[in-house]
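We count residues from 1, following the sequence as given. Values below: all heavy atoms of this structure, side chains included; hydrogens, waters and symmetry mates excluded. Predicted, not measured: the structure shown is a model, and the values here were computed from it.
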Amino acid sequence: MADLRTRLLAEALGTALLLAIVIGSGIMAERLAGGNAAIALLANTAATVGGLYVLIEVFGPTSGAHFNPAVSAVMVAQGELPWADLMPYVIAQLVGAVLGAWLAHAMFDLSLIQFSTKLRSGLGQWIAEAVATAGLLLVILRTPQGKASAMVAAYIGAAYWFTASTSFANPAAAFGRMFSNSFAGIAPSSVSGFIAAECVGAALGLLLHRLLGPRLSQCGDANGVEPSGGQ
């Protein structure tokens, strides 16, 4: 694995690009959809799925392509990431998320500094975030090696539509989207509930993975090595 400085750069850059993709495609979709929210969400989903797949492929070999504090925390619990690296990873991801929001604004000639007014709150939203994050961690932990990029991207694309929250599943994404008053934004007052639900979901995903036993390879053999890559 690369040295810590290189891995942190990869995490910050990957998270920034992920947020730029999510927020930028949301802005473009809203402008072109003519008020049709379903078409806007479909376009936002398609861009996120494609972008996430590419980012995991590009940055996975360097840092694991977590782009997500919940994923990093679970990798620590699994012994795949040293405890000492967790906080630097999280800081890099949070900084990258904000920079990604600003980059999206700059590309669309919007004010760089802004806060979302889009309230996303309530029990259904929190349950959705817990489900989305638990599912994401299960996919990461149980996908056969070499298929994480496609599986994670496909799951997130599906979760955009089957969850009430449109599947943030990522505390860094929730934090970064707070700084964008756009289609993909979330009001600051809603962020704490999302992050709490995501942490619960991550713990649930890890628990379910351990209850299911060792991940199986394509040949059906037990394989304890965890795949890299996350949202």
Side-chain angles (χ1 to χ4, degrees), residues 12-56 67-71 93-122 124-126 128-133 135-136 152-195 197-198 201 230-231:
L13 182 56
T15 309
L17 290 172
L18 175 61
L19 268 291
I21 290 166
V22 172
I23 293 173
S25 64
I27 296 170
M28 179 66 84
E30 194 168 43
R31 288 183 178 181
L32 298 179
N36 189 317
I39 292 177
L41 182 59
L42 183 60
N44 189 211
T45 303
T48 301
V49 168
L52 182 57
Y53 173 83
V54 171
L55 291 176
I56 295 173
F67 315 142
N68 185 334
V71 171
Q93 291 156 358
L94 295 178
V95 171
V98 177
L99 293 177
W102 290 349
L103 176 59
H105 297 161
M107 289 190 290
F108 287 92
D109 295 318
L110 300 175
S111 173
L112 293 186
I113 309 301
Q114 53 182 270
F115 291 94
S116 177
T117 59
K118 195 168 191 174
L119 294 173
R120 299 177 187 260
S121 189
Q125 296 272 311
W126 300 330
E129 275 304 288
V131 169
T133 310
L136 172 64
V152 168
Y155 173 78
I156 290 298
Y160 257 65
W161 288 86
F162 80 76
T163 65
S165 62
T166 66
S167 182
F168 286 39
N170 182 341
F175 180 75
R177 289 163 75 163
M178 175 177 72
F179 294 93
S180 182
N181 192 25
S182 65
F183 181 80
I186 177 173
S189 60
S190 301
V191 170
S192 60
F194 264 53
I195 291 177
E198 289 156 0
Q231 195 247 358

field: Arg177 side chain vs Val191 backbone, donor-acceptor pair below 3.5 Å
entry: no
- prompt: Which heavy atom of Asn68 sits nearest a heavy atom of Pro171, and at what distance?
  reply: OD1-CD, 3.3 Å
query: Rounded to the nearest 0.5 Å, how far does CZ of Arg31 lie from CZ of Phe108?
result: 6.0 Å
- prompt: Judged by atom type as modelled, is there a donor-acceptor pair below 3.5 Å linking the side chain of Ser116 to the main-chain atoms of Lys118?
  reply: yes
query: Can you tell which of Ser182, Ser180, Ser111 makes a side-chain hydrogen bond (donor to acceptor under 3.5 Å, both in side chains) with His105?
result: Ser180
message: Any heavy-atom pair between the side chains of Ile156 and Val49 that's under 4.5 Å?
response: no
statement: Taken in chain and number order and not counting sequence neighbours, the residues that satisfy side chain to side chain contact (heavy atoms under 4.5 Å, CB included) with Ser192 are none
- request: List in chain and number order the residues that pass side chain to side chain donor-acceptor pair (under 3.5 Å) with Tyr155, two or more places apart in sequence or in another chain; answer none if no residue qualifies.
  value: none
statement: For Phe115, the ring-ring contact (aromatic ring centres under 6.0 Å, His included) test, sequence neighbours excluded, returns Phe179
Side-chain (Glu129) to main-chain (Ile195) donor-acceptor, under 3.5 angstrom: no
message: Measuring from atom CZ of Phe67 to atom CG of Leu55, what distance do you get when rounded to the nearest 0.5 angstrom?
response: 5.0 Å
- prompt: How about Thr166 and Arg120: do any of their side-chain heavy atoms sit closer than 4.5 Å?
  reply: yes
query: Of all residues at least two apart in sequence or in a different chain, which pass the side chain to side chain contact (heavy atoms under 4.5 Å, CB included) check with Glu30?
result: Phe183
message: I need the Thr133 OG1 to Asn170 CG distance, nearest 0.5 Å.
response: 8.0 Å
For the student: nearest non-hydrogen atoms of Leu103 and Ala20, plus distance: CD2-CB, 4.0 Å
- request: Show your reasoning for whether side-chain contact (heavy atoms from CB on, under 4.5 Å) applies to Val54 and Leu17.
  value: CA-CA 11 Å; Val54 171; Leu17 290 172; over 6 Å; no
task: Give, for atom CG of Leu13 and atom CG of Leu18, the distance between the pair rounded to the nearest 0.5 Å.
output: 11.5 Å
- request: Considering non-hydrogen atoms only, spot the tightest contact between Thr15 and Ala97 and give its length.
  value: CG2-N, 3.8 Å
- prompt: Heavy-atom distance under 4.5 Å between the side chains of Ser167 and Trp161, does that happen here?
  reply: no
message: Let me confirm one number: the CD1-CG distance from Ile27 to Leu32, rounded to the nearest 0.5 Å.
response: 12.0 Å
- request: Report the residues that fulfil side chain to side chain contact (heavy atoms under 4.5 Å, CB included) with Thr117, sequence neighbours left out, ordered by chain and then residue number.
  value: Asn181
Please report, to 0.1 Å, the donor-acceptor pairs under 3.5 Å made by any side chain of residues 34-44, with sequence neighbours excluded.
| from | atom 1 | to | atom 2 | distance (Å) |
| --- | --- | --- | --- | --- |
| Asn36 | OD1 | Ala38 | N | 3.1 |
| Asn36 | OD1 | Ile39 | N | 3.1 |
| Asn44 | ND2 | Val22 | O | 3.0 |
| Asn44 | ND2 | Ser25 | OG | 2.7 |

